[in-house]
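Structure first, commentary second.
Bear in mind the structure is a predicted one, so any value in this text is a computation, not a measurement. Per chain, numbering begins at 1; letters A, B, ... match sequence-line order.
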Amino acid sequence: MSVLARSVGNAFRNKIRTAAVVAVLAVAIGLALAMLVANQAVGAKVQELNASVGTTLTVNPAGGQGFEGGGEPLTTAEAETAASVANVTSVVGTKALRLQTATTGTTDTTTGATAQQGPGGGFGPGGQQATVSTNLTAAVDAGTLGNRNGSAGTTTGTTGTTQPARTLPITATGIGAEVDSTGKALDITSGSGLGDYATAEAKALVGTSLAEKNSLTVGSTFTIQDKTFTVSGIFDAGTTFGNNAVYVTLPEAQTLAETPDELSTMIVTVNSMENVDSTKTAVQDALGTDKADVTQGQRNLETAVSSLDSVKNISLIAFIAALATAGIIILLIMVMLVRERRREIGVLKAIGARNRTIGLQFVLESLVLVALGSVVGAVIASLASGGIASALISSNSTTTAATTTQRGGGLAGAMPNGAVPGGGGMPGGGQGGPFGGASQLLTSVTASVSPGVLAAGIAAVFAVAIIGALVPALLTARIRPIEVLRGE
Amino acid sequence: MIVVKDLVRQFKSGDRTIKPVNGVSFELEKGSLASIVGKSGSGKSTLLSLLGALDKPTSGDVVVDGVSLAGLPDGKLTEYRRRDIGFVFQQFNLIPNLSAVDNVMLPMEFAGVRKAARLQRAKELLEQVQLDPEKHSRRTNRLSGGEQQRVAIARALANEPKLILADEPTGNLDEQTGEHIIELLSSLSRDHNTTILVVTHDRSLAQKTERCFRLQQGRLTEEVRTGSRR
C-alpha cells in the first residue's frame, strides 16, 4: 500500500468526522471561490468600462452647448493639434447633419413654422448641424415630447394656428473612424463598415429601426441632398433614438454640409485612465479655452467604477479571509490528528519510517480532505456566487447609484448631441446618458463560474492547505519513536 | 552478535535523578533466544528502547555486528531500526485500519522493497506465523489478540532483522495463546537464525529461553542459565 493509498484510507478512518470536516471546509472553500468569482466578474466589468469609454474626452466648440449654441466651429487643424498632445492615442472628428424628410420640409415651409429649428439657429451645438434633405422617413414618431419641443422652438407667432403633426429629423453623423458619436465601437449587425473613413464615399451605415422603417437592407440605396447612398451596413446602437440615425464618412458629411474642414466634435482617446485628467487639461490648453470646451466622459463612470472597485476590494479581502480560514481549519484538524496518532507515528518510526514519509502521509491526508471540500465548495460557489455578487454590489451601489444617475442626467445635457430635437435628447439622455446609468452598470455585472477562475481558486486553496498541513507534518518529525512504548 | 557496554539512561524528575538503566553490560550470540525479567518499573522497557534505538542512552554503547550505535545521527538510527531490528509489543501496535498483509508489508515498503516482492513475502510470513489465510486481508482491529500478535511477529520479521525485541509479547494474551506465541518465537529464532530478546515479568516464559537476565533497580544483577531449549 503506497503512501497515497494509506493517506486516502486514513482520511476516511472516522467517516462522521471526515464528513464534518469536509462540510466545514466546503463552506470556507465555497465562500472563497464565490468571492473570487465575484472579484473576477467585477474586475472584468471595470476593465471593460475603462477600456470602452473610460479614457475618452469630447471636444466641442467653445460656447456650443445644448440649445444655447454659439462660437466658432472646430477645424481639422485643431484635430491635428489635439492629436499632438502627450498621451493622446487617437482623435476622431465628427460632423453632425440633420436629415429632413423632403416632403416634411415642404409642409413646414408652407405653414411658415420654424418649429424644427431650435434656439440659436436650431442646429444643435453651436448651430453647427446643417440640415439637408433626404428621402428617408424617421423611425421615431414625434409624440408628446417631440411636439412639445417643436412648440418651444417656435420663435414667430402662429398663435391660434393648429400645429401640423411633426416628423422628427434623422441624425446623420460623419465620422473619421468606425465609432459612434460618443467614441464607442459601432455594433454592425449586418453588412460591413464604410472602409476608408477618410475618403468621401456615397456609402452609409443605417440604424436598425431606420432601416426597418424604410425597408432598407445592405445594398439598398437612399438619397441625401439628391445624392444616392448605398447601405454598406446596419448597426445596432442599443437605443430607439440611436437606431434612428445614419453614419457616413467624415469627408462626405463635410461635403454635404458644404463646410469642408469643419468638425462638430472631436473624440479624443487617452492612453490610460490615470492620464485622463492631465490630458484633458493639456488638450484644453493646446486648443485654447476660447476655441474649445473639453469634457470628460470618464467622469460619468467614475462613481460607478469606484463603487465596483470597492466591491472588488471587499470580495478580494473576503476571498483571502475565507482562504485563510480554510488553511486554519486544515491546520487545526491536522494538529488534532497528529496528537491523536502520536503512538501510531511512534510505531511507524519504530519500524523504520522516515520523518519525510510520515510528514508526506499527513500532507496527502489533508489534501484528500481539501479535495473533497473543494468539490463540495465548487458546487456551493456555483450556486451562490451570483447571489453573493449581487448582494455585494447592491449593498455598495444603493447610495452611489442614485448620485451617479443624477450626475449622468446632467452630463447628458451637456453632451454635444443633446440639442438634437426629439424625445430622448441624446441616446438615453433622459435616463442619464449612455454612461450615466450607474445602477444599470452595477447590476449588469454577471458573476458566472468559469473553469479558469474555479481552477485558480482551487489551486490557491490547495496551496494554502499545503502550508496549513506542513506545520502538523513538521510536528510529526518531533515525535520520538519511543512514543510507541508509552502506555506499554 | 549484540554487545551492550555499560549502558546508562537517566532522567530528571524534579530534584531527583532516576536511572532506570544503570551500567548494563551483556552480550548475545547470533540466533540466541534470551529474556530479561524484572518487576514493573525495573527498567526493562527502557533497556529495550535503548537496544532498539527508540531512545538514546545517557552513556554507554550498543554494538550490533561491530557497528556502534553511539553517536549515530537520527537518519542512521532510523535505518538501523528499519534494517536490523524487529519489534513485538505487548499491545501489538498494528495500524488498525490496515489489513494484516498491509501491516506486514509496511516495513518492507519503508525499506524500498518492490510491491510484488513484499506482498509475496508478507503472505509467506503470515503463513509461517500460522495466521488463517482467510484473515490475511482482514483489518487488524477485527482480529483476536493472539492473531494480532502473530501479525506483529510477522511484521517484525519482514526485513529479516538481526535482532527481534519483544516487550511483554504475551502480556495481553491468555496462557494458552501466550504459550503458542513463545513457541513461535522460539522456532523462528531457530529457523531464521535471528537473535530474540524477550522482556517479561513472567518467570515461566523466561524459563523457556536459553538465557535469562534479571534486571533490578536498573542493574543487570543476575544471569540464570536455563539450559538448552533446542
Side-chain angles (χ1 to χ4, degrees), chain A residues 1-19 21 334 336-366 368-369 473-488, chain B residues 9 40 44-50 52-56 74-75 77-99 101-112 115 118-119 122 139 141 152 155-156 158-159 161 165 167-169 171-172 199:
Chain A
M1 180 175 270
S2 67
V3 179
L4 177 62
R6 213 160 45 243
S7 303
V8 174
N10 283 343
F12 291 99
R13 267 194 194 186
N14 185 331
K15 291 184 176 60
I16 294 173
R17 183 165 65 191
T18 300
V21 170
M334 296 315 292
M336 187 185 77
L337 289 178
V338 166
R339 289 179 66 85
E340 192 178 278
R341 295 190 203 151
R342 285 179 75 87
R343 190 188 178 103
E344 187 177 309
I345 292 166
V347 171
L348 293 173
K349 290 192 175 188
I351 63 176
R354 296 177 185 88
N355 284 334
R356 63 170 181 268
T357 306
I358 299 170
L360 177 64
Q361 180 181 312
F362 276 86
V363 170
L364 290 175
E365 184 173 339
S366 73
V368 170
L369 295 173
L474 291 174
L475 282 180
T476 63
R478 295 170 65 91
I479 294 173
R480 297 187 306 152
I482 199 170
E483 287 290 333
V484 72
L485 292 178
R486 207 173 286 277
E488 284 278 320
Chain B
R9 182 69 171 101
S40 293
K44 302 187 301 291
S45 292
T46 304
L47 177 58
L48 185 133
S49 69
L50 295 174
L54 298 177
D55 195 11
K56 290 181 179 176
D74 286 347
L77 290 176
T78 301
E79 191 182 327
Y80 163 72
R81 287 193 299 269
R82 183 166 62 236
R83 194 187 59 208
D84 295 334
I85 300 291
F87 287 101
V88 178
F89 302 101
Q90 181 180 351
Q91 293 180 6
F92 325 127
N93 282 329
L94 299 169
I95 307 299
N97 64 322
L98 297 186
S99 68
V101 169
D102 285 336
N103 265 281
V104 178
M105 286 167 68
L106 264 184
M108 291 185 272
E109 181 192 322
F110 298 147
K115 189 176 180 181
R118 61 181 190 245
L119 180 62
R139 282 186 176 190
N141 56 5
R155 184 180 69 181
N159 286 333
L165 299 169
D167 186 14
E168 304 278 12
N172 265 1
V199 167

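- Distance check: A/Lys349 NZ to B/Leu54 CG gives 11.5 Å after rounding to the nearest 0.5 Å.
- Take B/Asp84 and apply the salt bridge (Lys or Arg N to Asp or Glu O under 4.0 Å) test, not counting sequence neighbours, and it matches B/Lys162.
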Step by step, would you call A/Arg6 with B/Ile95 a side-chain contact (heavy atoms from CB on, under 4.5 Å)?
CA-CA 10 Å; A/Arg6 213 160 45 243; B/Ile95 307 299; 5.8 Å; no
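- Contact of the B/Lys115 side chain with the A/Ser2 side chain is not registered, since no non-hydrogen atoms from C-beta on lie closer than 4.5 Å.
- Partners of A/Arg354 according to the salt bridge (Lys or Arg N to Asp or Glu O under 4.0 Å) rule, which considers only residues two or more places apart in sequence or in another chain, do not exist here.
- Evaluated for a side-chain contact (heavy atoms from CB on, under 4.5 Å) with A/Ile351, the options B/Arg81, B/Arg155, B/Arg82, B/Met108 yield exactly one hit, B/Arg155.
- Both the backbone and the side chain of A/Asn10 have a heavy atom closer than 4.5 Å to some heavy atom of chain B.
- What you find for B/Phe89 and A/Ala350 is that their closest heavy atoms are CZ-CB, 4.4 Å.
- Residues of residues 358-366 of chain A placed with any heavy atom under 4.5 Å of a heavy atom in chain B are absent; none qualify.
- Note: A/Arg343 CZ to B/Asn93 CG = 4.5 Å, rounded to the nearest 0.5 Å.
- Chain B is approached within less than 4.5 Å, heavy atom to heavy atom, by A/Arg13 from residues 11-18 of chain A, ordered by number.
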